[in-house]
Amino acid sequence: QVQLVQSGGGVVQPGGSLRLSCSASGFTLDTYAIGWFRQVPGKEREGVSCISSTDGSTHYGDSVQGRFIISRDNAKNTVYLQMNSLKPEDTAVYYCATDPAAHSSDYGCIVIMGDLAPRYWGQGTQVTVSS
């Protein structure tokens, strides 16, 4: 079976850092583009970042550009989201996600971050940025 399992998150002060992890079970994660999203109740889901499986390219939403870094550790079958210089508006539930169409495709991040929801999602983890 295909599963994405998240860890990390928690409460941090403004300006602080957190690292989220997304680990795969049932498939080799490094062959899939992986996206990170965040959700605040009452607001639309926001695309945060994506990493390609083919050329290693990374993509970031305007609101996190320069502060967040997405990366892979293939030996651990894990994708990370390093979040630096955190702001209160970063408070949300964060999800990692992928889709079968994002397997070994140069268009993986286009698929993941497009309007159609990805098929596979992590369980979500709360990030709260507050003094």
Side-chain angles (χ1 to χ4, degrees):
Q1 58 181 355
V2 175
Q3 288 185 305
L4 295 174
V5 180
Q6 298 177 222
S7 62
V11 180
V12 66
Q13 294 183 345
S17 298
L18 287 172
R19 188 178 74 166
L20 306 182
S21 298
C22 179
S23 297
S25 177
F27 67 100
T28 302
L29 186 145
D30 64 3
T31 65
Y32 288 80
I34 302 294
W36 286 96
F37 299 83
R38 62 189 183 188
Q39 182 81 57
V40 177
K43 293 187 176 181
E44 294 182 351
R45 184 181 66 236
E46 179 184 10
V48 175
S49 185
C50 186
I51 185 166
S52 172
S53 67
T54 54
D55 62 3
S57 62
T58 57
H59 310 269
Y60 300 94
D62 291 341
S63 63
V64 306
Q65 181 73 243
R67 299 187 297 119
F68 291 11
I69 302 171
I70 189 170
S71 63
R72 295 181 184 269
D73 186 337
N74 292 336
K76 296 181 179 179
N77 209 24
T78 299
V79 167
Y80 301 101
L81 184 68
Q82 178 68 44
M83 305 184 295
N84 301 315
S85 301
L86 283 162
K87 305 174 181 179
E89 55 261 42
D90 295 318
T91 296
V93 177
Y94 284 72
Y95 300 88
C96 62
T98 192
D99 190 275
H103 171 66
S104 299
S105 173
D106 291 337
Y107 302 97
C109 281
I110 295 174
V111 170
I112 295 298
M113 309 308 288
D115 291 334
L116 297 178
R119 181 176 298 181
Y120 302 118
W121 293 83
Q123 80 277 17
T125 185
Q126 177 70 47
V127 171
T128 301
V129 184
S130 176
S131 298

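These numbers come from the heavy atoms of this one structure, side chains and all, not from hydrogens, waters or symmetry mates.
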Interatomic distance, [X] atom [atom1] to [Y] atom [atom2] [nearest 0.5 angstrom]:
| X | Y | atom1 | atom2 | result |
| --- | --- | --- | --- | --- |
| Trp121 | Asp99 | CH2 | CG | 10.0 Å |
| Thr28 | His103 | OG1 | NE2 | 8.5 Å |
| Ile70 | Leu81 | CD1 | CG | 6.0 Å |
| Leu4 | Tyr120 | CG | OH | 9.5 Å |
| Arg67 | Lys87 | CZ | NZ | 4.5 Å |
| Leu20 | Gln82 | CG | CD | 9.0 Å |

**Request:** Please say whether the positively charged group of Arg45, taken as NZ for Lys or CZ for Arg, lies over the ring of Phe37, i.e. under 6.0 angstrom from the six-membered ring centre and within 45 degrees of the axis.
**Result:** yes

**Item:** Ile34-Met113 co-clustered via ILVMFWY side chain contacts under 4.5 Å
**Value:** no

**Asked** Mind checking whether Val12 and Tyr94 sit in one hydrophobic cluster, side chains of I, L, V, M, F, W, Y counted as touching below 4.5 Å?
**Response** yes

Just so I know, are the side chains of [X] and [Y] near enough to count as touching, which here means a heavy-atom distance under 4.5 Å?
| X | Y | value |
| --- | --- | --- |
| Pro14 | Val129 | yes |
| Leu29 | Arg72 | yes |
| Ser130 | Pro88 | no |
| Asn77 | Phe27 | no |
| Ile69 | Tyr80 | no |
| Thr91 | Val40 | no |

Taking all heavy atoms of [X] and all of [Y], pick out the closest pair and write down the distance.
| X | Y | result |
| --- | --- | --- |
| Val48 | Val64 | O-CG2, 3.5 Å |
| Ile112 | Cys50 | CB-SG, 4.4 Å |
| Ala101 | Val111 | CB-CG1, 3.9 Å |
| Ala33 | Cys109 | CB-N, 3.9 Å |
| Ser104 | Ser53 | N-OG, 3.7 Å |

Using distance alone, with no hydrogens and no angle criterion, decide if [X] and [Y] have a side-chain donor and acceptor under 3.5 Å apart.
| X | Y | result |
| --- | --- | --- |
| Thr78 | Asp73 | no |
| Asn84 | Ser17 | yes |
| Ser49 | Arg38 | no |
| Ser21 | Gln6 | no |

**Request:** Would you sort out whether Lys76 and Ser23 count as a side chain to side chain contact (heavy atoms under 4.5 Å, CB included), showing the intermediate values?
**Result:** CA-CA 8 Å; Lys76 296 181 179 179; Ser23 297; over 6 Å; no

**Item:** Partners meeting side chain to side chain contact (heavy atoms under 4.5 Å, CB included) with Asp55 (sequence neighbours left out)
**Value:** Ser52, Ser57

**Item:** With sequence neighbours excluded, residues passing side chain to side chain contact (heavy atoms under 4.5 Å, CB included) with Val93
**Value:** Tyr95, Gln126

**Prompt:** Under 3.5 Å, is there a donor-acceptor pair between the side chain of Thr128 and the main chain of Val11?
**Reply:** no

